[in-house]
S.K.: 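Take this structure first; my questions come after.
Residue numbering restarts at 1 for every chain, and letters A, B, ... go by the order of the sequence lines.
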Number of protein chains: 2
Amino acid sequence: MAEVNIKYLAEKLKLSPSTVSRALNDSYEISQPTKDRVIAMAKELNYQPNPFARSLREQKSKTIAVIIPERINNFFSQVIDGIEEITQEYGYHLLVYSTHENVETERKIVSYLLNGRVDAIVMSVSSQTKKIDHLETVYSKGVPLIFFDRICQEIPTTKFISNDYENGFKATVHLIEKGCKKIFFLMLSKEISIGRERFRGYQDALKKYGLPYEENWIVQCSQSEEENIKLIARILYGLDRPDGILASVEKLAIATYHAARETRLEMPKDFKMVSFSNMKIAGLLKPSLTTISQPAFEIGSEMAKLLMKKLTKPNQPAFENKVIQMPSQIDFRESSN
Amino acid sequence: MAEVNIKYLAEKLKLSPSTVSRALNDSYEISQPTKDRVIAMAKELNYQPNPFARSLREQKSKTIAVIIPERINNFFSQVIDGIEEITQEYGYHLLVYSTHENVETERKIVSYLLNGRVDAIVMSVSSQTKKIDHLETVYSKGVPLIFFDRICQEIPTTKFISNDYENGFKATVHLIEKGCKKIFFLMLSKEISIGRERFRGYQDALKKYGLPYEENWIVQCSQSEEENIKLIARILYGLDRPDGILASVEKLAIATYHAARETRLEMPKDFKMVSFSNMKIAGLLKPSLTTISQPAFEIGSEMAKLLMKKLTKPNQPAFENKVIQMPSQIDFRESSN
DNA sequence: CTGTTAGCGCCTTCAC
DNA sequence: GTGAAGGCGCTAACAG
């Protein structure tokens, strides 16, 4: 690699490596003139400290990892953006991993991170994740850990979510007030915490308004977009069709539009849909999509701020076992057409 | 940190650290029984090698960095996804940085990476980037470097782009064939290589079909979404309005739709637009947006494959100074309405 | 086949 | 105010 290192700087300056190191770290024991000389030389030779030597010595990496289930998703992209903004501000580095909704991959990724590679982990668990011993290992090793969105309740650490129950409730009420009487719920996976919360809100809203609901109004979708489109198309144009839909995640709302398009039919005229979604252009669709968008960027930056505080200040306590609910933004604007 | 390390394993096994190390690395010098013992113990104690010690020793990090101008962009997200898929396959790690279109940030990020933190860099330059000494430094230090999308021509390394000139041409021809006679070009920045190429295609298509074009048909947009929307709204409903628009980047197409929406007007009825865009749902808009989408995921994975090949095989030559054009996918489907 | 030693680059305790 | 020495955890040369 033939990099310029402290030893080399020391030779050039006719000083010892330890003096150079101290000067660069602005130690009080070094005279100002020496500091100036060292810093000037370091700049001239474009000296950059070797991060691995430093990490090895200091037992910390100034790096955090974020693990998400899938990348092509506006929500996760925005969360990462929020995290990155803060880590950059603090001079931290950000490793990104995607599990592709696969627990085995998740286990592997987590194991890579267990020997000090990162100072903290931020993650949203894969929808398949049931056995959580790998997450318990992380926690027990004392690696600061924050969950968001798809959280793992069992691990007693801080979790960031949005007020999913409340929003599921409000979304359903909105549809009811628009006159819907037969509201279907598009669900991605029973395992996902957010899906369950939103679903509870949906159920309770129906109960409160005295509306019935039937088992088959809960549409179990899969990870396959194609299959979802087929499934939803059958439902949209079937005999027992809904007059309203609550899509529990963005991809299912999109699938619904595609279902309408690919079957060469228009969306049913009297039809209303609300979706949890971070699509910036949902309002541009026709009929426009009412969205409940999670404060993704803010969730990312708040998590990162919390982490940075913990990592950069001495003697911070472990994260509390609490759930922080960030309020979602509900866009109930009417479609202009 | 109190981690289990090789020394500790060695004590437990009553072996020397070097034997343990060799056993774990499956060295031919170690007997099978010893290997088995060591591996079993390592597994039992959940041993994970310290990545920094290894990187320090080996002078390589098994990490690559990707630097992009902005995250909230479908194209870049998809590229990162493509890269990540391959790096994960090879057991590499991926650091992600965003410059927010700021050259100073770009310089800072690059400088962090210069002392071995990463084995290679994949980047798309910020739109402001004119002085390129920081990029030359990277190149001269011998860090494998690949540019994509917004490339830096001056550095003699491998670059990945899509066939922008050709697509600018085809898009314009498409509009002409649809009967447009007054086609405006929405441009983001004169500094961006892809913008220039697409613009050349546009110009040549107009020339070839003997259509005039005027200076003020080239709409210079900015990084500010608000301002872009205002600017485009003025143009869309002005006296000298276009009958067709070629948007050189996705965000400008979206701005156009917003401009139409916010002015509470419909898009002009006879109006056609083509945009370079990786929005999956462009076809769901009304009027649906004709898109030229870059093979983002493939660009990411191809770049990563090239890098992995170079990094994992011995004695690979430096990257050739060549531009690899990945064909875009043009969706000229007619809007179903 | 296994053990001893040295060094990757950095920081820090201890000496002067 | 500065220098010398040791060690973070790992691997590879050198011994045996």
S.K.: In terms of the nearest nucleotide of DNA chain C, which residue is placed more toward the 5' end: B:Ala53 or B:Thr34?
M.R.: B:Thr34
S.K.: Separation of B:Lys14 atom NZ from C:dC1 atom P, in whole Å?
M.R.: 23 Å
S.K.: Looking only at side-chain atoms of B:Gln59, point me to the closest of D:dG9, C:dC8, D:dG3.
M.R.: C:dC8
S.K.: Report the distance from atom NZ of B:Lys62 to atom P of D:dC10, rounded to the nearest whole Å.
M.R.: 15 Å
S.K.: Rounded off to whole Å, could you give me the NZ-to-P distance for the B:Lys7 and D:dC10 pair?
M.R.: 11 Å
S.K.: State whether a side-chain donor-acceptor pair under 3.5 Å links A:Ser31 with A:Thr34.
M.R.: yes
S.K.: Looking at C:dT4, does its base get a donor-acceptor pair with the side chain of B:Ser18 below 3.5 Å?
M.R.: yes
S.K.: Just the rounded figure in Å: distance from C1' of D:dG9 to CZ of A:Arg117.
M.R.: 14 Å
S.K.: D:dG3, OP1 or OP2 - any side-chain N/O from A:Ser16 closer than 4.0 Å?
M.R.: yes
S.K.: For the pair made of CD1 in B:Ile6 and C1' in D:dC8, what is the distance, rounded to whole Å?
M.R.: 13 Å
S.K.: Between B:Lys60 and B:Glu58, does at least one N-O distance fall below 4.0 Å, as a salt bridge requires?
M.R.: no
S.K.: Looking for any heavy atom pair under 4.0 Å, which part of the strands does A:Tyr47 touch: base, sugar-phosphate only, or nothing?
M.R.: sugar-phosphate
S.K.: Side chain of A:Ile30, heavy atoms from C-beta onward: which of C:dT12, D:dT2, C:dG9 has the nearest atom to it?
M.R.: D:dT2
S.K.: Between P on D:dG9 and CG on B:Leu56, what's the gap in Å once rounded to a whole number?
M.R.: 12 Å
S.K.: Which nucleotide wins on minimum distance to the side chain of A:Leu15, given the candidates C:dC10, D:dG3, C:dT2?
M.R.: D:dG3
S.K.: Measure from the side-chain heavy atoms of A:Arg22 and tell me the nearest of C:dG3, C:dT13, D:dC10.
M.R.: C:dT13
S.K.: Atom CD of B:Gln48 and atom C1' of D:dC10: how far apart are they, to the nearest Å?
M.R.: 15 Å
S.K.: Please classify the nucleic acid contact of B:Pro49 as base, sugar-phosphate, or nothing, using heavy-atom distances under 4.0 Å.
M.R.: sugar-phosphate
S.K.: Answer yes or no on whether A:Lys159 is positioned over the face of A:Phe148, meaning its NZ or CZ is under 6.0 Å from the six-membered ring centre and within 45° of the axis.
M.R.: no
S.K.: Between atom CZ in B:Arg54 and atom P in C:dG9, what is the gap in whole Å?
M.R.: 18 Å
S.K.: Less than 4.0 angstrom between a side-chain N/O of A:Ser31 and OP1 or OP2 of D:dT2, yes or no?
M.R.: yes
S.K.: Side chain of A:Asn50: nearest nucleotide among C:dG9, D:dC10, D:dG3?
M.R.: C:dG9
S.K.: Can you tell whether the side chains of A:Glu136 and A:Lys131 come within less than 4.0 Å, N to carboxylate O?
M.R.: no
S.K.: Hey, are A:Lys35 and A:Asp26 close enough for a salt bridge, meaning a charged N less than 4.0 Å from a carboxylate O?
M.R.: yes
